[in-house]
Amino acid sequence: MNNLQSIQYFLPELLIVQLALSIIILDLLSLKRWVNICVYIGLGCSALLLCQLSSPIDGFHIFNGMLINDSFSYYFKWIILISTASIIVISNYSKELDREYSVEFNAMILFVLLGMFLMTNSIDLLMIYLSIELVSIPSYVLAGILKNDKKSNEASLKYVIFGSFASGLMLFGLSWLYGISGSTNIYDIYNSLALVESPYMIYISLMLILVGFGYKISMAPLHYWTPDVYEGSPTVVTAFFSVAPKAAGFAILIRTFSILFTDANSLSVNTFPIHNVNWSLVVAVLSAITMSIGNLLALKQDNVKRMLAYSTISHVGFMLMAFSTTSVEGNIGIMFYLAMYMFMNLSAFFMVIHVENNFNVKNIEDWSGIGYKSPVLSIFMVLSLVSLAGLPPTSGFVGKVYLFRTLFATEQFYWLGIVAILNSVISLYYYFKIVKSMYFSEKVIEEKENIQAPVYTLIVLFSAQNILFYMYWSDLYNYIKGLF
Amino acid sequence: MNETLQIAAFLLLPILSFIVLIFFGKKLNGHSSTLGLSLMGLMLLNALILIVNAEPYNLTAKTYEKWSIYNSFEWFSTGNLSVYLGYYVDNITAIMLLVVALIGFLVHLYSTEYMKGDPRYSRYFAFLGIFIFSMNGIVLADSLIMMYIFWELVGLSSFLLIGFWFEKDRPPMAANKAFLTNRVGDIGMFIGIMILYFHVGSFNIKEIVGGVSEMDPGLLTLAGLLVFMGAIGKSAQFPLHIWLPDAMEGPTPVSALIHAATMVAAGVYMTFRIFPFLTPDALAVVAVIGAITALMAAITAITRNDIKAVLAYSTISQLGYMIMALGVGAPVYAFFHLVTHAMFKACLFLCSGSVIHAMHHSLHHLDDHHTDPQDMSNMGGLKDKMPITHAAMLISTLAIAGVPFFSGFLSKDGILAAVLSYYYKYDGWTIILPIAGFGAAMITAFYMFRLIFKTFYGIPKKKDIYKHIHESPLAMTIPLMLLSVLSFAFAFTANLNPLKSWGWFKALIYKYGKNHNFLNMKYVNSGIESAHYDAMYLSLFVASIGIALSVLIYYLKKVDVDKIANLFNLVGLYSLSKNKFYIDKIYNMIFYKPFLFQTRTASFIDWDIYDQKIVDAWGWITLKISKYTGISDYSILDQKIIDGTSHLTQYVSTKLRKTQSGVIQNYLLGVLAILVVFIIVINQI
């Protein structure tokens with residue numbers, strides 16, 4: 001499809017670009033008070049435009065084969081859009097952020113949003129690289145947005161170095177692919193890969209590309225940046241990093257690997273790794289390492305943000321477990337889990353923001369007595385933590401059941417299942433450390449609690465989904481199934 | 001949509017009354033009756049609008065165009081089972097709704113005065129609301145399962161209203177008895193519904209009627225009878241009729257509404273709906289049960305002295321008539337009798353309520369709390385003090401006795417004709433049906449006039465009570481007047497010839513007796529037509545005998561009552577009647593006592609032997625064992641192995657923490673090292 005025809009499938013992204021640019025202009029014109037309304041309306045319109053689109057799983061190749069527009073990407077876009085929009089709302093109420101730079105903050109987030117949208121769509125090596133960079137570079141700025149905070153600066157710098165290192169390796173891997181096939185479109189590359197005799201070349205490029213994607217989703221051993229950056233960044237930004245880029249990273253990982261490195265060349269077929277390149281075993285091993293490292297390190301953390309960072313890593317490990325089955329069911333399981341994960345993780349982070357705003361605490365012990373200070377929100381926080389731990393009656397349990405089900409249904413990597421179950425047990429401990437601190441410590445908090453309605457509403461709303469999707473998950477599951 | 005809304009109003013208005021009154025009744029208090037009454041008024045209006053839409057049967061053109069509206073929606077579905085709820089409205093439904101709405105409205109009006117000063121005034125009206133809601137649900141239901149749901153709901157509201165004065169001794173017992181007795185019938189009904197569902201695949205009555213032809217006839221007979229068991233319970237048929245006389249412990253307006261006019265008629269209504277697929281064998285059983293009930297209850301009624309008990313047995317007897325009519329293939333007359341009976345029996349009950357009300361006030365005035373205000377032997381001569389009540393009661397008594405010019409004559413005559421034609425056709429044992437029918441007709445006339453004479457005529461038995469008797473207020477007498485007008489024959493025929501029953505009412509329901517899966521209804525109906533005159537003369541004859549005997553014994557006092565009683569007792573009839581055929585005693589002997597014995601034995605085995613001896617012994621043994629396992633568990637397993645695992649995890653965590661040094665150069669080196677390892681090692685595998 002040529003460029004003009006393609007635009008009709010590209011309207012949400014175009015609107016986001018316009019939005020980002022126009023709020024910068026508004027700022028320059030000293031019309032700062034219009035910025036928020038403009039962003040809300042713009043994101044709303046973007047969501048409406050997203051509703052308008054519809055295409056099959058095989059999709060339309062737009063912009064001369066640079067991007068694809070398919071039902072798979074819509075789903076991820078919804079997750080990305082919802083989580084980003086909620087972050088933008090919350091950011092207005094965070095005490096950490098400097099009001100003066102709120103427009104820059106919004107603009108950066110919108111650019112990241114655009115990049116993440118493109119990540120879900122890319123089918124060309126160039127676009128893959130560019131979209132990942134479009135997400136990464138504003139993210140560096142976001143991590144360091146607290147200019148006068150040393151930790152924030154350090155986080156930003158570490159992020160830059162680690163990110164450029166990973167993208168360099170990925171670029172190297174992409175160039176191997178180009179060298180093998182002489183093409184940048186992944187569908188064309190797939191056709192040439194079939195002719196390659198030695199799997200070794202494919203394997204090396206695959207591993208290098210995995211570095212790039214793995215860095216985005218914080219897969220071990222590329223998780224190193226995660227705790228440092230999460231701890232240093234403002235909490236709002238941490239909450240943002242923990243969901244939306246992970247979803248985008250999984251989208252690009254699933255799409256690229258399923259199309260390039262499997263026998264099927266399609267998303268909608270159960271398949272096996274391409275000839276003799278047993279990358280599903282690699283993913284399985286990495287998944288085991290990722291979840292174990294995430295959980296084991298979370299055990300000893302005192303800082304809530306850092307603990308949640310490790311918990312993010314372990315959740316990524318669980319999702320990778322489903323990815324290692326290279327089946328459609330596995331991909332559905334990941335997509336399903338991402339929706340559950342978005343609600344439980346964001347609600348937990350919002351609660352952290354709320355507590356930080358009001359009581360200025362960072363460590364788990366400082367949470368003591370919060371259960372009595374803000375009883376309603378605490379109950380919802382407990383709900384989110386239970387969900388993160390994957391216990392019934394919450395959606396985290398349902399999501400995890402599907403992840404395990406795909407693993408056992410494909411009848412390989414039983415050992416991975418055992419590792420995952422052990423890890424679930426470990427995770428109970430550190431999530432309940434917060435609960436214990438909230439309810440079972442006798443500390444009286446003197447500070448007055450100042451409830452901000454949007455924060456309150458978002459916590460309750462997102463956390464309530466943990467129960468909702470526990471009871472009525474089948475509609476969402478069938479919807480995702482219908483996409484394929 | 002408009003229609004659906006109109007139909008839904010029949011459920012929404014009463015349930016609204018219930019919800020508002022149950023939650024805000026305390027605040028409304030005196031106004032709660034106004035609310036209930038106005039909502040019932042709206043419902044009555046709605047019912048009248050609905051009946052205007054009903055289409056009468058065109059006799060000359062013989063058109064069969066059925067007017068009906070129906071709709072249904074899926075309630076839930078699991079696997080293969082989909083359950084639908086919906087309504088089906090035709091002429092019968094519309095008439096039934098009108099009856100419920102009319103009597104419901106009048107009872108509300110009556111109750112405003114009758115229940116005045118009751119501490120739970122608003123709750124009473126709330127319960128009436130939920131009853132009317134449930135009753136309308138039964139009437140509107142298009143499927144047996146929905147009917148069953150509302151069937152249970154009327155059972156519940158009946159339970160609540162019988163036991164309304166729960167601080168007294170007997171009402172709660174009566175409520176329990178009614179509820180439990182009904183459960184027996186309902187279980188049969190549910191089994192029947194499930195049998196039908198598994199063979200036809202639907203709960204919808206219309207679909208069942210269409211689908212039963214492929215069922216095994218024996219099984220269908222069984223299923224039909226099981227469903228009919230529900231009617232035996234609810235319509236108080238032999239052998240489950242024992243609850244209805246006790247149910248009179250409830251407030252009298254409730255007896256009029258629930259235990260005379262509407263709820264007990266629900267069984268007849270349901271049997272009417274399932275009539276097309278009842279096999280001839282099942283119908284014979286239905287007819288016999290109806291006949292036994294009609295005769296037995298009539299005989300029992302003779303010796304009752306409680307004014308409401310007479311009416312209760314009379315209700316059972318009249319319900320027996322309807323059931324018998326269904327059994328001999330005359331559903332139209334059964335339904336006709338249902339409607340006429342609803343009017344005159346509601347009137348009778350409300351009249352008795354009026355009398356009791358007057359008696360009660362008089363006793364209250366005298367500060368006498370021992371005399372039973374319901375006992376007829378304390379009454380007499382009330383005619384002059386309560387003229388309106390007397391007139392209304394006389395009219396409705398004439399109606400129930402089957403005197404021409406009154407409504408009861410029309411419908412009862414039809415039923416008796418059907419019974420007679422059934423005997424003409426089948427001969428043999430079926431002779432018991434006409435004997436029961438005509439016998440009960442005679443006895444009905446007798447005991448109803450006995451009631452009238454004992455209550456309103458003669459000299460007052462207790463002068464001091466008599467002195468303070470007053471006619472009831474207008475809110476109570478208006479319903480009486482209206483209902484007694486509706487007990488005249490011309491209210492149903494608009495036709496002054498007393499011997500012709502054709503009229504607007506029959507035109508509405510005539511076509512509903514034309515359809516049966518197994519019987520040739522044309523043949524049955526022509527049989528009824530030809531037996532009509534025999535039956536009419538015979539019924540006039542027996543009714544006049546009954547009335548004449550009553551006049552002789554109780555008005556003119558020419559014959560001594562005791563002598564007659566002794567005469568009848570030669571064949572044991574008097575003591576049978578006096579002791580209600582010993583049915584309660586029989587049940588007590590063959591059901592309750594063995595059951596209680598069984599439960600006591602079971603309790604003895606369970607508690608005294610099993611729990612106290614065996615279980616406790618195990619407890620002791622377990623205690624000993626657990627002491628030793630506790631030692632091994634805690635000291636060895638818990639302290640060493642489990643805690644060891646935990647310490648190991650913590651240790652690994654501490655060690656791993658060192659990898660996260662915060663020095664970015666180390667991170668990058670680590671990544672590179674692992675990448676190289678992966679590329680080299682894993683590819684070798």
Side-chain angles (χ1 to χ4, degrees), chain A residues 154-155 157-162 164-166 168-169 173 199-200 202-208 210-211 214-215 219-229 231-232 276-279 281-286 289 292-301 306 309-310 422-423 425-426 429-430, chain B residues 72-85 629-630 632-685:
Chain A
E154 187 192 328
L157 191 65
K158 275 185 183 166
Y159 201 4
V160 172
I161 295 172
F162 204 97
S164 26
F165 169 75
L169 286 181
Y200 201 62
I202 301 176
Y203 183 71
I204 289 177
S205 63
L206 182 148
M207 287 303 293
L208 290 169
L210 192 59
V211 168
Y215 142 75
M219 175 183 78
L222 296 134
H223 67 281
Y224 285 117
W225 62 276
T226 318
D228 292 354
V229 171
E231 191 189 349
N276 297 329
V277 183
N278 195 2
W279 57 265
L281 178 64
V282 175
V283 172
V285 171
L286 288 176
I289 297 175
S292 305
I293 283 197
N295 278 321
L296 285 172
L297 286 178
L299 274 183
K300 284 269 173 181
Q301 300 305 327
R306 211 172 162 84
Y310 282 114
L422 288 177
N423 269 299
V425 179
I426 296 176
Y429 173 75
Y430 59 85
Chain B
S72 67
F73 65 92
E74 193 178 84
W75 180 26
F76 64 82
S77 87
T78 55
N80 292 330
L81 173 79
S82 293
V83 178
Y84 289 85
L85 294 182
T629 48
S632 69
D633 193 60
Y634 184 73
S635 313
I636 301 169
L637 191 69
D638 197 290
Q639 292 287 298
K640 298 283 176 320
I641 301 177
I642 307 240
D643 281 11
T645 321
S646 149
H647 289 312
L648 184 70
T649 320
Q650 300 272 358
Y651 176 76
V652 172
S653 177
T654 324
K655 286 285 157 198
L656 264 179
R657 224 177 144 181
K658 289 190 180 144
T659 60
Q660 193 82 30
S661 57
V663 183
I664 191 131
Q665 293 90 324
N666 291 353
Y667 295 173
L668 300 183
L669 263 178
V671 170
L672 268 182
I674 293 171
L675 184 66
V676 170
V677 168
F678 261 81
I679 288 177
I680 294 170
V681 175
I682 296 215
N683 204 39
Q684 305 299 320
I685 299 170

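Residue numbering restarts at 1 for every chain, and letters A, B, ... go by the order of the sequence lines. What's counted below: heavy atoms across the whole structure, side chains too, no hydrogens, waters or symmetry copies.
- In this structure, chain A has a heavy atom under 4.5 Å from the side chain of B:Ile674, while its backbone stays farther away.
- For a residue to count as touching a neighbouring chain, one of its non-hydrogen atoms must lie under 4.5 Å from one of that chain's; by this rule A:Leu157 does not touch chain B.
- Checked by atom type and distance alone, the side chain of B:Ser653 never pairs as donor or acceptor with a backbone atom of B:Thr649 at under 3.5 Å.
- B:Phe678 approaches A:Met207 most closely through the heavy-atom pair CB-CE, 3.6 Å.
- Looking at A:Asn295 and A:Tyr429, their side chains never bring a donor and an acceptor atom within 3.5 Å of each other.
- Here the side chain of A:Trp225 pairs a donor or acceptor atom with the backbone of A:Tyr215 at under 3.5 angstrom.
- For A:Leu206, no part lies near chain B; criterion is any non-hydrogen pair under 4.5 Å.
- The parts of A:Phe162 that come within reach of chain B are both its backbone and its side chain, each placing non-hydrogen atoms under 4.5 angstrom from that chain.
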